[in-house]
Number of protein chains: 4
Amino acid sequence: MPAASTRPGEGDPAGPRDRHAILTATLDALGEHGYQRMTVEGVATRAGVHKATLYRWWASKGSLVGWALGAGLPTGPVPDTGNTRDDLVAWLRGTIDNYTSTPAESALPALLSDLASEPGTLEGFRRSFLDARRSHCAATVTRGIARGDIPADVDVGLLMDVLAGTVFYRQLVSGEPLDEGIAERLVDLVLAGTVPRLP
Amino acid sequence: MPAASTRPGEGDPAGPRDRHAILTATLDALGEHGYQRMTVEGVATRAGVHKATLYRWWASKGSLVGWALGAGLPTGPVPDTGNTRDDLVAWLRGTIDNYTSTPAESALPALLSDLASEPGTLEGFRRSFLDARRSHCAATVTRGIARGDIPADVDVGLLMDVLAGTVFYRQLVSGEPLDEGIAERLVDLVLAGTVPRLP
Amino acid sequence: MPAASTRPGEGDPAGPRDRHAILTATLDALGEHGYQRMTVEGVATRAGVHKATLYRWWASKGSLVGWALGAGLPTGPVPDTGNTRDDLVAWLRGTIDNYTSTPAESALPALLSDLASEPGTLEGFRRSFLDARRSHCAATVTRGIARGDIPADVDVGLLMDVLAGTVFYRQLVSGEPLDEGIAERLVDLVLAGTVPRLP
Amino acid sequence: MPAASTRPGEGDPAGPRDRHAILTATLDALGEHGYQRMTVEGVATRAGVHKATLYRWWASKGSLVGWALGAGLPTGPVPDTGNTRDDLVAWLRGTIDNYTSTPAESALPALLSDLASEPGTLEGFRRSFLDARRSHCAATVTRGIARGDIPADVDVGLLMDVLAGTVFYRQLVSGEPLDEGIAERLVDLVLAGTVPRLP
DNA sequence: ATTTAAACGAGACGGTACGTCGCGTCTTTGT
DNA sequence: ACAAAGACGCGACGTACCGTCTCGTTTAAAT
């Protein structure tokens, strides 16, 4: 999620001495105050580092938060239990966690808008987080196809968007609760075509 | 999308003299610069009005944008063609338009984060736009139930979240294209349980 | 001494509400800490004003200090006692005061270098202070010519540079004391050609 | 111009390996950008040396520049032509060169203020440059006294301040041109009491 | 017609945070 | 011992934009 930047250490190698402390402090601040209210100076102080150090390694506030999220959100992997439905449910539960646990909850939407304005930055977040996350799901689906649980020509991308998108939208837009059975019901929809009924 | 505010004219009645010009200018600015980069002063100038006037009637930048969107996005209604599938597809196409046409595209995510931080503000946007939009869909679904096209105990809320959420997520997060057939394929998924195949 | 600037109120008219308090605070800070060590924020606080206000009206720290000096240093006028020598001594004593009283002492040299880097800024200081100061001296000299105390074709500019420059140089460069009789001895030099003797 | 410092090599002996390259680079940078705008890092790069090396040998930017000037400005000696007036004119011409040739022109005033803030530093510059320079002038004056050209009780210090100060002041403050005959006219003033006429 | 109140234009201001710059220090690694 | 490399602390600078405030003026309804 970096700005289109030449900062040397936004990606992986080297980076600042206290890289871990910084990213942790960033996620903490994010969880406490949300994206708009958190301050770069606050993150620096919390990490025991000077603000200038942050700007030496990340191009902007958005960039810093982007990489912190990419480094902080778990991407998987999803266990292979042999049961396609269970695996997908597990994956979706992970997604729900990612979008509802404090740091991401407040940060993701702001980031998407903030960084979408400069071309190429959103790509960074996608590469550093989404791609890994989605490839794990795709692997599960592939296993499901092998087992005959899923048609071979399924549109995996759309399937994932249905699962993750519904959850994302509930969380951020419609505000409907993400209750207990939601993961199962969505997986059943995309897997077996079970029209969702009222619980 | 108003702040929990006592501003007299955020809702409908009265309001500033140039209410229409202001809301239009807001949407224009939104479309051109995005939420973060647009400025209240810029909107005021564009509307031929002084900044103070905006703050007399809306509590904040977010509030202004929220109401502009609420007033600017079409909510429906959806025609009753007698064919449930066609009606839902038409509704979903409207949703896609709302989320991909320039103003909303750049504004929605920022807004959701910006306003979600102060409790109760997101409610305003939901009331002024989402509720109307969703009630139109619900009406279509009800007609579908009457026709026997949809089970009576369908979870309408979840159904709408699947439709709108998938589209929203593609647009903002995964970045996958919203190609031609997407509306039909999603409607077929929630209506007939047709697992989405590659086109 | 302003930057080549379009700030509306650097010169005279209007200006910020607390113009006087600001200029006074600037001179105070200058006297206490010197040019390099004083801070714009400190001036703002002292003046009971916000830093942004200063930058709304002056282009930079140097510009602010320049105008403060221009406004703070007395330029004259010099009384006409009827005695050319006495008048010139009085004028030179004023100059000594200007260059040795606390604010200017620490500020002038820094300013000269700081602002000389951007063409035209030094001009501002000259116009807002030096010109007035020098015209008073020139008037005295003119009266002296009328009285026959000074040759009509005297090089007034050079005469003033000898007087002020010697004082300035002692203060800033050579560090020799500006003792009691110095004004008289310099005036006698340029007026009567009396080679300076040890006191 | 050093800080009251214990740096081993600020004065003469030993010093860094590339002492000459460093001092030259310092003067170059000074001439190009002026004191404020030049950077220590830039000097280091230009000298093919690391910044830390500079700080091992000089206490500060000001100190470095001070010594570079002390080493870079010629102090004399002034030839003894047997003619007091000619000798003094030659000396003053050297002074004019020192204050108008590029490096010193931009550096001196800034330095004086920058270093005057820490007590004792200006002393360094005086010792490393001014004293030598002034002793050459004093020698010339002494010879002039021996020849009977100058009264024995002349105030040599003041005489030098008049000569150098006027030039310094023209260059930095009043901005009047340092035209051709200026050296002669000033020398004639202090030597013969010739009131300066318009050329 | 005149009064009066609401709305508006104008624009300075306080405030928060951002991102930048350059000095001077320090640690690590050679040589 | 000295030097290269380069991250870092630190203090300040100058900028942007938000939202508030005061004051004078227009507009329009009410008397």
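All chains are named by letter (A, B, ...) in the order of the sequence lines, taking the proteins before the strands, and each is independently numbered beginning at 1. Small disclaimer: the values here were computed from a predicted structure and weren't measured.
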Tabulated below should be each protein N or O lying under 3.5 Å from an N or O of nucleotides 1-6 of chain F; please produce it.
{"from": "F:dA3", "atom 1": "OP1", "to": "D:R17", "atom 2": "N", "distance (Å)": "3.2"}
{"from": "F:dA3", "atom 1": "OP2", "to": "D:W57", "atom 2": "NE1", "distance (Å)": "3.0"}
{"from": "F:dA4", "atom 1": "OP2", "to": "D:H50", "atom 2": "N", "distance (Å)": "3.2"}
{"from": "F:dA4", "atom 1": "OP2", "to": "D:T53", "atom 2": "OG1", "distance (Å)": "2.7"}
{"from": "F:dA5", "atom 1": "N7", "to": "D:H50", "atom 2": "ND1", "distance (Å)": "3.3"}
{"from": "F:dA5", "atom 1": "N7", "to": "D:H50", "atom 2": "NE2", "distance (Å)": "3.0"}
{"from": "F:dG6", "atom 1": "N7", "to": "D:H50", "atom 2": "NE2", "distance (Å)": "2.5"}

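With contacts defined as side-chain heavy-atom distances shorter than 4.5 Å, the pair C:L64/C:I22 qualifies. Annotation: side chain of D:D18 is not in contact with side chain of D:T53 (no heavy-atom distance under 4.5 Å). No side-chain heavy atom of B:P16 sits less than 4.5 Å from a side-chain heavy atom of B:V49. Proximity of B:L69 to B:F129: side-chain heavy atoms (C-beta onward) are nowhere separated by under 4.5 Å.
Put simply, NE2 on D:H33 is 14 Å from C1' on E:dG22, counting in whole angstrom units. Spacing between atom CZ of B:R37 and atom C1' of F:dC18 amounts to 18 Å, rounded to whole angstrom units. D:K61 places its NZ atom 17 Å from the C1' atom of E:dT25, with the value rounded to the nearest Å. Atom CG in B:L64 sits roughly 16 Å away from atom P in F:dC17 (whole-Å rounding). For C:Q36 and F:dG11, the CD to P distance is 17 Å, given to the nearest whole Å. When the P atom of E:dT20 is taken as reference, atom CH2 of A:W58 falls 15 Å away, rounded to whole Å. Between C:R19 atom CZ and E:dC13 atom P the separation is 12 Å, expressed in whole Å. One can place CG of A:L54 at 14 Å from C1' of E:dT20, the figure rounded to the nearest angstrom.
Taking the ring centre of B:Y55 as origin, the terminal cationic atom of B:K61 falls outside the region bounded by 6.0 Å and 45° from the ring axis.
Here A:Y55 does not reach the OP1 or OP2 of E:dT20: none of its side-chain N or O atoms lies under 4.0 Å away.
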When the side chains of residues 38-46 of chain B are checked against the rest of the protein, which donor-acceptor pairs come out under 3.5 Å, sequence neighbours left out?
{"from": "B:T39", "atom 1": "OG1", "to": "B:E41", "atom 2": "N", "distance (Å)": "3.4"}
{"from": "B:T39", "atom 1": "OG1", "to": "B:G42", "atom 2": "N", "distance (Å)": "2.7"}
{"from": "B:T45", "atom 1": "OG1", "to": "B:E41", "atom 2": "O", "distance (Å)": "3.0"}
{"from": "B:R46", "atom 1": "NH1", "to": "B:E32", "atom 2": "OE2", "distance (Å)": "3.2"}

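Nearer the 5' end of DNA chain E, as judged by each residue's closest nucleotide, is the contact made by A:E41, out of D:M38 and A:E41. Between A:G42 and D:V40, the one whose closest nucleotide on DNA chain E sits nearer the 5' end is A:G42.
Shortest non-hydrogen contact noted between A:L23 and A:W67 is CD2-C, 4.4 Å.
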